[in-house]
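The chains referred to below are lettered A, B, ... by the order of the sequence lines, with proteins before strands, and numbering in each begins at 1.
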Amino acid sequence: MAEQGAGSEFERARRAAEERALVESAKRGVTAAFATLYRNHVGKVYGLCLRMTANRATAEDCTQEAFIQAWRSLPAFEGRSAFGTWLHRIAVNAVLAQGRKRHEQLGADASAEEPAAVLADPAVGDDGAVLDLEQAIGRLPPGARQVLVLVGLYGYSHEEAAAMLGIAVGTCKSQLHRARQLLGERLEAPEVRP
Amino acid sequence: MTHEREQSATRLDEALGQLPRGIEPARDLWPGIEARLEPRARRTARRWLWPAAAAVVLVVGSSLLTANLLRREEAEVARQVPAGGGTTFTAATFGPGQTLDPAYDAARQELARSLAGRVERLPPEARRQLEQNLAELRRASAEINAALDLSPGDPLLEELLLNAYQDELAVLASVNQLTGGNGAATTTNATRMQL
């Protein structure tokens with residue numbers, strides 16, 4: 001047991017040292033190091049973007065934008081937080097910026113688009129319960145969905161999520177409550193899938 | 001009713017907890033990203049230098065691990081380890097030429113002397129690891145110094161050398177503290193040093 005603990009501690013230390021080295025190399029302009037960071041983090045970043053936008057093409061755009069922005073900002077990254085945490089914040093900003101841009105371009109029509117493309121993403125898998133839940137999350141109103149994804153799924157505090165989304169903490173809490181309520185209702189009475 | 005609502009909330013939390021956090025995109029997004037990466041307006045590293053830099057990072061990583069294991073052993077035998085947080089060094093500047101600043105060298109010698117008396121108290125494996133790590137760090141410093149002889153004033157080499165020296169100091173100071181040495185005072189001296 002103790003050996004297992006020491007083993008996992010060693011593994012964590014090794015990964016942390018490896019990531020620090022990759023970040024330092026990427027800061028100096030080594031794109032191969034940044035490519036490795038991309039491979040290590042793309043799943044979580046894309047997952048976050050896909051769930052926040054509920055649209056595969058938009059999520060892909062946001063993921064690319066997040067990594068490009070990270071590359072530009074990397075020289076200023078001081079390592080006060082983990083690289084992954086820093087990258088997630090950039091991804092959230094990319095999603096929000098993309099949403100604003102879309103809203104400006106399409107006006108009111110933007111909100112009328114059919115979301116829930118998460119369901120159509122083959123990478124989500126084919127587990128029925130998982131698909132039902134992903135679909136239900138994808139169909140939540142955007143505000144409630146974003147709060148649920150950040151707080152309920154990715155573990156951000158209300159304060160952190162509110163700051164990232166530019167809303168009041170009270171609004172964040174009520175959006176989460178609303179999201180949970182809607183999800184609960186939809187999962188208790190699921191639609192029949194074709 | 002309330003009980004049912006609680007059960008429903010619990011089920012939802014469990015379901016959310018089971019969702020995978022990562023989802024791989026259906027297509028490779030890297031080529032699109034790579035095409036838009038602007039090159040840094042800085043110097044590029046010589047390929048053969050990266051092994052030296054990587055050695056420094058790996059050595060520091062394994063030294064920190066050794067230090068953590070030592071800390072655990074210390075706690076088990078309920079020994080007091082001097083408090084004062086981790087070893088930190090103020091931002092150093094690179095001295096003239098490629099020689100060490102005398103203040104740095106003096107503190108380095110002081111730490112090494114202090115360590116020599118305590119290293120025998122380390123478990124054999126930790127001792128072997130420490131000696132190996134220090135040898136690696138010094139080898140890396142020597143390689144970078146040799147490269148600086150060929151390319152004096154190269155800012156990347158200077159940065160690598162600076163990192164290697166700081167890493168060596170950090171390893172010496174942390175081991176010294178963890179084995180019950182007067183690390184706090186030594187570290188205080190070290191924080192004032194500049195390369």
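Taking the side chain as every heavy atom from C-beta outward, A:L133 and B:Q18 never approach each other to under 4.5 Å. Between B:W30 and A:V42 the shortest side-chain heavy-atom distance does not fall below 4.5 Å.
Comparing B:L37, B:L16, B:D13 by how many heavy-atom pairs each has under 4.5 Å with chain A, the most go to B:L37. The most heavy-atom pairs under 4.5 Å with chain B, out of A:H41, A:R72, A:R180, come from A:R180.
A continuous path of hydrophobic side-chain contacts links A:Y154 to A:I167 [ILVMFWY only; heavy atoms under 4.5 Å]. A single hydrophobic cluster is not seen to contain both A:L48 and A:W86; linkage of ILVMFWY side chains at heavy-atom distances under 4.5 Å, directly or through other members, places them apart. A:L183 and A:V149 fall within a single hydrophobic cluster, where Ile, Leu, Val, Met, Phe, Trp and Tyr are joined by side-chain heavy atoms under 4.5 Å apart, directly or via other members. Connection of A:L140 to A:L150 is established within a shared hydrophobic cluster, with ILVMFWY side chains joined at heavy-atom distances below 4.5 Å, either directly or through further cluster members. Hydrophobic clustering keeps A:V45 apart from A:M52 (ILVMFWY residues linked when any side-chain heavy atoms are closer than 4.5 Å, directly or through intermediates).
Here the side chain of B:R21 pairs a donor or acceptor atom with the backbone of A:L153 at under 3.5 angstrom. Between the side chain of A:Q64 and the backbone N or O of B:L29, at least one donor-acceptor pair lies under 3.5 Å.
Residue A:F67 holds its CZ atom at 13.5 Å from CZ of B:R36, rounded to the nearest 0.5 Å.
Of residues 73-82 of chain A, those residues lying under 4.5 Å from chain B by any heavy-atom pair are A:L74, A:P75. For a heavy-atom cut-off of 4.5 Å, chain B lies close to no residue in residues 155-164 of chain A.
Only the side chain of A:E65 comes within contact range of chain B, with heavy atoms under 4.5 Å apart. At a 4.5 Å heavy-atom cutoff, the contact between A:A26 and chain B is made by backbone atoms alone. For a residue to count as touching a neighbouring chain, one of its non-hydrogen atoms must lie under 4.5 Å from one of that chain's; by this rule B:L12 touches chain A with the side chain only.
In this view, B:D28 and A:R39 satisfy the side-chain hydrogen bond (donor to acceptor under 3.5 Å, both in side chains) rule, not counting sequence neighbours. Taking A:S174 as the reference, nothing meets the side chain to side chain contact (heavy atoms under 4.5 Å, CB included) condition, with sequence neighbours excluded.
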